[in-house]
Amino acid sequence: MIYRNFKDIKLSCLGMGNMRLPLTDPDDAHSDIDYEKAHEIIDYAYEHGVNYFDTAYVYNGGKSEKCLGACMKKHDRDSFYIATKFNIGANPDYKAVFAEQLERLQTDHIDFYLMHCLMDSNIDKYLESGAIEYFQELKKKGQIRYLGFSSHAGVETLKKFADAADWDFAQLQINYYDWLVSSTKEEYRVLEERNIPVMVMEPVRGGRLAELLGGADDILKAAHPEWSTVSWAFRFVQTLPQVKVILSGMSTIDQVRENVKLFEEAAPLSAADTDTVMKAAEVMSRYVAVPCTGCRYCVDDCPVKINIPEFMKLYNKYRIDGPYSLFDGMKIE
């Protein structure tokens, strides 16, 4: 396992994201987490060197924190780090939220605590709520070890929030596709200029960079036939020096096995390889109509519980392969 220095500790470069844990009913986003399968995944990651486990108050309606807490209870508390988050939109009572999270996670402290999902629309709520000051006090008391935030905000909002406190770290959505088509590169530079360590979410863009569109796969395979498509995504993020942890939301044992193997040794991209992956991203950008990551937040808020990510996937497939592609795998009688 690759490890990177973070202040006075070492963090596994691969972090275990707990937003996409297996469910008892895969077709029902509101079903319970399958504890047996989830714990098999988490335990495998832990046993193979992963020491950073990320969750949030809102993941799976709170079930993710409970599942992770139950699994990690059997391990030495000093041998791993838990990251979780306060989402002001879900429950503005930050004192009650933090107390509930300690109970769910079965711990007396949180190692990495984040203001969750900073956006242009909620920055003032976070800054004016008193939450940041409260969590800074908990940090002094030892109930929080490191304080940070995750961001989906624009560059100017990110600058303002980054300068609002003495943050220990921040979490950004970074992958080579977003590096090309969005403001991700500028967002990364904002944190780099302030020397704020970065934890990466969505390095494979919710699985979108596992199977590329429009022949982009062929560009990568021509350069390195022995590399998997997924490995290009992880190698790209490894190239960024400010990055400490790369989160992967693994939902099957095969995924965690593959990812652990990819992080056995450092393998950042060369300058030539970076040019190659940017060419692949440019080709892919012509076909992706809706750059959905499959986070499913929209499903939770949908009043009729439409499986929106699946519809977005079908729409993108229609755009590249035509209408008949939608019948692939369907039984027609």
Side-chain angles (χ1 to χ4, degrees), residues 1-3 11-77 79-85 101 104-107 110-112 114 150 171 173 175 199-211 228-231 233-234 237-238 244-264 293-297 299-300 309:
M1 175 59 62
I2 308 164
Y3 292 93
L11 298 176
S12 57
C13 190
L14 174 63
M16 172 77 202
N18 290 269
M19 187 175 75
R20 296 184 171 93
L21 295 174
L23 304 176
T24 54
D25 182 357
D27 296 324
D28 181 3
H30 299 279
S31 63
D32 290 332
I33 292 173
D34 187 323
Y35 269 46
E36 182 177 354
K37 291 181 180 179
H39 285 193
E40 181 185 16
I41 292 168
I42 297 168
D43 284 339
Y44 188 94
Y46 174 82
E47 291 162 4
H48 288 79
V50 173
N51 66 8
Y52 189 96
F53 295 85
D54 174 270
T55 183
Y57 183 75
V58 297
Y59 290 174
N60 299 97
K63 298 171 187 174
S64 172
E65 287 183 327
K66 291 179 180 178
C67 180
L68 180 62
C71 186
M72 302 311 292
K73 187 67 176 177
K74 59 181 176 283
H75 300 301
D76 177 5
R77 184 63 182 87
S79 66
F80 61 89
Y81 305 100
I82 289 177
T84 194
K85 312 174 188 77
Q101 289 176 304
R104 287 177 179 178
L105 290 163
Q106 301 185 50
T107 185
I110 306 296
D111 302 293
F112 291 81
L114 300 88
S150 68
Q171 186 168 304
Q173 178 171 313
N175 54 73
M199 315 305 190
V200 171
M201 54 182 159
E202 305 292 356
V204 192
R205 222 181 190 290
R208 170 57 67 193
L209 301 183
E211 296 181 12
S228 69
T229 305
V230 168
S231 74
F234 285 127
V237 184
Q238 282 187 34
K244 301 301 180 182
V245 174
I246 302 170
L247 294 169
S248 179
M250 297 168 275
S251 55
T252 69
I253 192 65
D254 288 340
Q255 287 174 353
V256 70
R257 285 173 179 156
E258 179 183 4
N259 289 351
V260 164
K261 188 171 181 60
L262 289 173
F263 281 81
E264 286 180 350
T293 67
C295 70
R296 305 191 70 85
Y297 289 156
V299 177
D300 292 338

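A 4.5 Å side-chain heavy-atom check between Met72 and Gln106 finds every atom pair outside the cut-off. Between Glu65 and Tyr57 the shortest side-chain heavy-atom distance falls below 4.5 Å. Residues Asn60 and Leu23 have side chains in contact (heavy-atom distance under 4.5 Å, counting atoms from C-beta outward). Considering only heavy atoms from C-beta on, Leu21 comes within 4.5 Å of Cys67 through its side chain. The shortest distance between side-chain heavy atoms of His48 and Met1 does not fall below 4.5 Å. Side-chain contact check for Leu14 versus Ser248: some heavy-atom pair is nearer than 4.5 Å. Taking 4.5 Å as the limit, some side-chain heavy atom of Leu247 sits within range of a side-chain heavy atom of Gln171. Counting heavy atoms from C-beta outward, Lys66 and Ile33 have side chains that stay 4.5 Å or more apart.
Side-chain contact of Tyr46 with Ser79: a donor-acceptor pair under 3.5 Å is present, judged by distance alone.
Every pair passing salt bridge (charged side-chain N to carboxylate O under 4.0 Å, His left out) that includes a residue from residues 37-58 is listed here, sequence neighbours excluded: Asp43-Lys74, Asp54-Lys85.
The ring-ring contact (aromatic ring centres under 6.0 Å, His included) test applied to Tyr35 returns His39, not counting sequence neighbours. For Ser64, the side-chain hydrogen bond (donor to acceptor under 3.5 Å, both in side chains) test picks out Thr55, with sequence neighbours left out.
A distance of 5.0 Å separates CD1 of Ile246 from CD of Gln238, quoted to the nearest 0.5 Å. Distance check: Asn259 CG to Arg257 CZ gives 12.5 Å after rounding to the nearest 0.5 Å. Interatomic distance, OG of Ser231 versus CD of Glu258, reported as 8.0 Å (0.5 Å rounding). For the atom pair Ser228 OG and Lys261 NZ, the distance stands at 11.0 Å (nearest 0.5 Å).
Without hydrogens or angle criteria, Thr24 side chain to Asp32 main chain gives a donor-acceptor distance under 3.5 Å. Under the 3.5 Å distance criterion, the side-chain polar atoms of Asp111 are matched with a main-chain donor or acceptor of Ile82. Arg20 places no side-chain N or O within 3.5 Å of a backbone atom of Gly206 that could act as its donor or acceptor partner.
Screening Phe112, Phe263, Tyr3 against Tyr52 for a ring-ring contact (aromatic ring centres under 6.0 Å, His included) leaves a single residue, Phe112.
Leu114 approaches Ser150 most closely through the heavy-atom pair CD2-N, 3.9 Å. In plain terms, the two heavy atoms of Pro22 and Ile41 that are nearest each other are CD-CD1, 3.8 Å. When all heavy atoms are compared, the tightest approach of Gln255 to Gly249 is OE1-O, 4.2 Å. The two residues Ser12 and Gly49 come nearest to each other via the heavy atoms CB-O, 3.5 Å. Between Thr229 and Leu209, the shortest heavy-atom distance links the atoms CG2-O, 3.3 Å. The two residues Glu202 and Asn175 make their nearest non-hydrogen contact at O-ND2, 3.0 Å.
Using a 30° and 60° split on the angle between ring planes, Phe80 and Phe53 fall in the perpendicular class, above 60°.
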